[in-house]
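Comments concern the structure below.
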Number of protein chains: 2
Amino acid sequence: MTRQERRRQTEERILGAARALFAEVGYERATIRGVAAAAGVDPALVMQYFGAKDELFRRAIHAPGEQPLEIAPERLADLLLEAIRFKLGETDDGSLALFRSMLTHPDAAEHFRTATARQVREFATGIPRPDGELRASLLVAISMGLTIARELLRLEPLQEATPEQIVDLLRPAFQSLSASG
Amino acid sequence: MTRQERRRQTEERILGAARALFAEVGYERATIRGVAAAAGVDPALVMQYFGAKDELFRRAIHAPGEQPLEIAPERLADLLLEAIRFKLGETDDGSLALFRSMLTHPDAAEHFRTATARQVREFATGIPRPDGELRASLLVAISMGLTIARELLRLEPLQEATPEQIVDLLRPAFQSLSASG
DNA sequence: TGGTTCGCTCTACATTCGTTGAGTCTCAAC
DNA sequence: GTTGAGACTCAACGAATGTAGAGCGAACCA
């Protein structure tokens, strides 16, 4: 194995450990030393590779292949429900790290705000109404609340339910919010 | 003014400053020194009165008159929407402090979990169905997501909308989730 | 094979935090 | 008016954290 490969591999291991730790305890309680220990590496190396804790976090929450989903104006509700069903149960640590930290870490909050604003505008094009953006915001708020309650707070009834069950119950709600008529 | 009154008043001032600071920046970033400064008091006094930071937080999030609302089995949706409309725009710092910190502070998470579990059981009695608890959990998750998005993250379209607008848009969703038929 | 680069570690510093114990000052009781 | 209690402050400690710089050892290039 070449030197460059080994270096890249170590960096990826640190990034993975960081993602997991940020997702588990949030930005403030996750320490450089903790990340380094989880990655089997010296804390100074983390600094050397990422410069600062903020930068490490920024890299950690940056999901690799996050392509925007297509919007068919009428089937928006179904598409969103599909996305939620997919995400529930298999939410990636990057997103969880962002969710976990966005209430206490200003950078995380800002990142989420801009990402959400883009998503809201995107959804809103599928809801041709004067209050389209508000409806889209509610859709985002609802799915955010759902992920937080189930994956982070681990509320019992939600955690035990299957994604299909949840999505079925949520369908009327999403349809009424995304109704274009 | 007697000595006891003055003492009580100081304690209340500290508690108010703590509530506000916890609500603004969360448990980890709020410091005893910060609370003390906001209350115009020495940090040591905060310790003397509350013993530890954890205890201060516990006292800060303990809302004074939080009586459980009555549940008329059929009008559950309307009652919940009423509660949401009331809370939106005038959410107390104690609740915001709890929301802000519950993803990163284990004690806050535990407090929220038990409070929510009780609330879910309460709502579930108004939804006589096999999946009543799951439906109730979804209702809680939705209103939590709404409060977080609007009051803590301050997402624009949500913040600009009036409580009435929001409640109106949410009504079908709540009715479908709390439908007892 | 000798030198140099580079991945990586060791040690340490400065800051900030929660927390503590001694001390000060004011007010109430006798 | 003296005394004592209690509200409040001062100064400091120990631990943890982000961060910096020097140094080590092995892999690469000549």
Side-chain angles (χ1 to χ4, degrees), chain A residues 1-61 97 100-101 103-108, chain B residues 1-61 97 100-101 103-108:
Chain A
M1 190 185 323
T2 171
R3 193 130 85 161
Q4 206 177 21
E5 287 175 341
R6 195 154 185 81
R7 149 83 196 235
R8 190 187 184 85
Q9 190 173 318
T10 303
E11 190 170 319
E12 207 54 48
R13 194 158 27 108
I14 294 175
L15 217 43
R19 247 190 291 266
L21 194 56
F22 282 136
E24 189 187 345
V25 301
Y27 180 85
E28 285 81 9
R29 293 181 117 88
T31 67
I32 299 280
R33 285 170 172 81
V35 170
V41 138
D42 191 273
L45 191 65
V46 179
M47 294 303 300
Q48 195 171 337
Y49 283 178
F50 298 91
K53 189 185 177 184
D54 275 19
E55 196 58 37
L56 174 64
F57 181 75
R58 215 164 297 148
R59 293 277 303 276
I61 63 174
R100 176 81 75 184
S101 307
L103 299 185
T104 50
H105 185 41
D107 284 4
Chain B
M1 190 187 318
T2 170
R3 193 127 86 160
Q4 203 177 24
E5 286 174 342
R6 196 156 185 79
R7 148 85 197 237
R8 189 185 184 86
Q9 189 173 318
T10 303
E11 190 171 318
E12 207 55 47
R13 194 161 25 115
I14 294 175
L15 217 43
R19 248 190 291 264
L21 195 56
F22 281 137
E24 188 187 346
V25 300
Y27 181 84
E28 285 81 9
R29 292 180 119 88
T31 67
I32 299 281
R33 286 170 170 82
V35 169
V41 139
D42 191 272
L45 191 65
V46 180
M47 293 304 298
Q48 193 171 338
Y49 284 178
F50 297 91
K53 189 185 177 186
D54 276 18
E55 195 58 37
L56 174 64
F57 181 75
R58 215 165 296 150
R59 294 277 302 277
I61 63 175
R100 176 81 75 186
S101 307
L103 299 186
T104 49
H105 184 41
D107 284 4

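Here is how names work: the chains are called A, B, and so on, in the same order as the sequence lines, proteins then strands, and each is numbered from 1. Computed over heavy atoms, backbone and side chain alike; hydrogens, waters and symmetry mates excluded.
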Task: Whole-Å distance separating the CZ atom of B/R33 from the P atom of D/dC13 - done: 14 Å
- [ ] Classify the side chain of A/R6 and the base of C/dG7 as holding, or not holding, a donor-acceptor pair under 3.5 Å.
- [x] no
Open item on the list: I'd like to know if B/R7 reaches the base of D/dG6 with its side chain, counting only an N/O donor and acceptor under 3.5 Å.
Closed with: no
Task: Most 5' of A/Q48 and B/R3 on DNA chain D, judged by nearest nucleotide - done: B/R3
TODO: Determine, step by step, whether B/K53 and B/Y27 satisfy the side chain to side chain contact (heavy atoms under 4.5 Å, CB included) criterion, reporting the C-alpha distance in whole Å, the side-chain angles of both residues, the deciding distance to 0.1 Å, and the verdict.
DONE: CA-CA 9 Å; B/K53 189 185 177 186; B/Y27 181 84; 3.6 Å; yes
- [ ] Take atom CD of B/Q4 and atom C1' of C/dT26, then tell me their distance rounded to the nearest Å.
- [x] 17 Å
TODO: Report the distance from atom CG of A/L56 to atom C1' of D/dT17, rounded to the nearest whole Å.
DONE: 14 Å
- [ ] Could you tell me whether the phosphate oxygens of C/dC8, OP1 or OP2, come under 4.0 Å of any side-chain nitrogen or oxygen in A/T10?
- [x] yes
Task: Toward the 5' end of DNA chain C, by each residue's nearest nucleotide, A/Y49 or B/K53 - done: A/Y49
TODO: Please confirm whether B/R7 makes a cation-pi placement over B/Y49, using NZ or CZ under 6.0 Å from the six-membered ring centre and within 45° of the ring normal.
DONE: yes
Open item on the list: Can you measure B/R29 atom CZ to C/dT15 atom P for me and round it to whole angstrom units?
Closed with: 19 Å
- [ ] Look at all strands and tell whether B/A30 reaches a base, only sugar-phosphate, or nothing, counting heavy atoms closer than 4.0 Å.
- [x] sugar-phosphate
Task: Interatomic distance, A/L45 CG vs D/dG18 P [rounded to whole Å] - done: 16 Å
- [ ] Quickly work out the B/F50 CZ to C/dT19 C1' distance and round it to whole Å.
- [x] 16 Å
TODO: Check the distance between C/dG18's C1' and B/M47's CE and give it to me in whole angstrom.
DONE: 6 Å
Open item on the list: Just checking A/R8: does its CZ atom have more than 12 heavy atoms from other residues, nucleotides or ligands closer to it than 6.0 angstrom?
Closed with: no
Open item on the list: Does B/E11 have more than 12 heavy atoms from other residues, nucleotides or ligands lying within 6.0 Å of its CD?
Closed with: yes
TODO: Return the 5'-most residue of the pair A/A44, A/E28 with respect to DNA chain D, ranking by each residue's nearest nucleotide.
DONE: A/E28
Task: Gap between atoms OH and C1', on B/Y27 and C/dG18 respectively (whole Å) - done: 9 Å
Open item on the list: Counting neighbours of CD on B/E24 that are heavy atoms of other residues, nucleotides or ligands and sit closer than 6.0 Å, is the number greater than 12?
Closed with: no
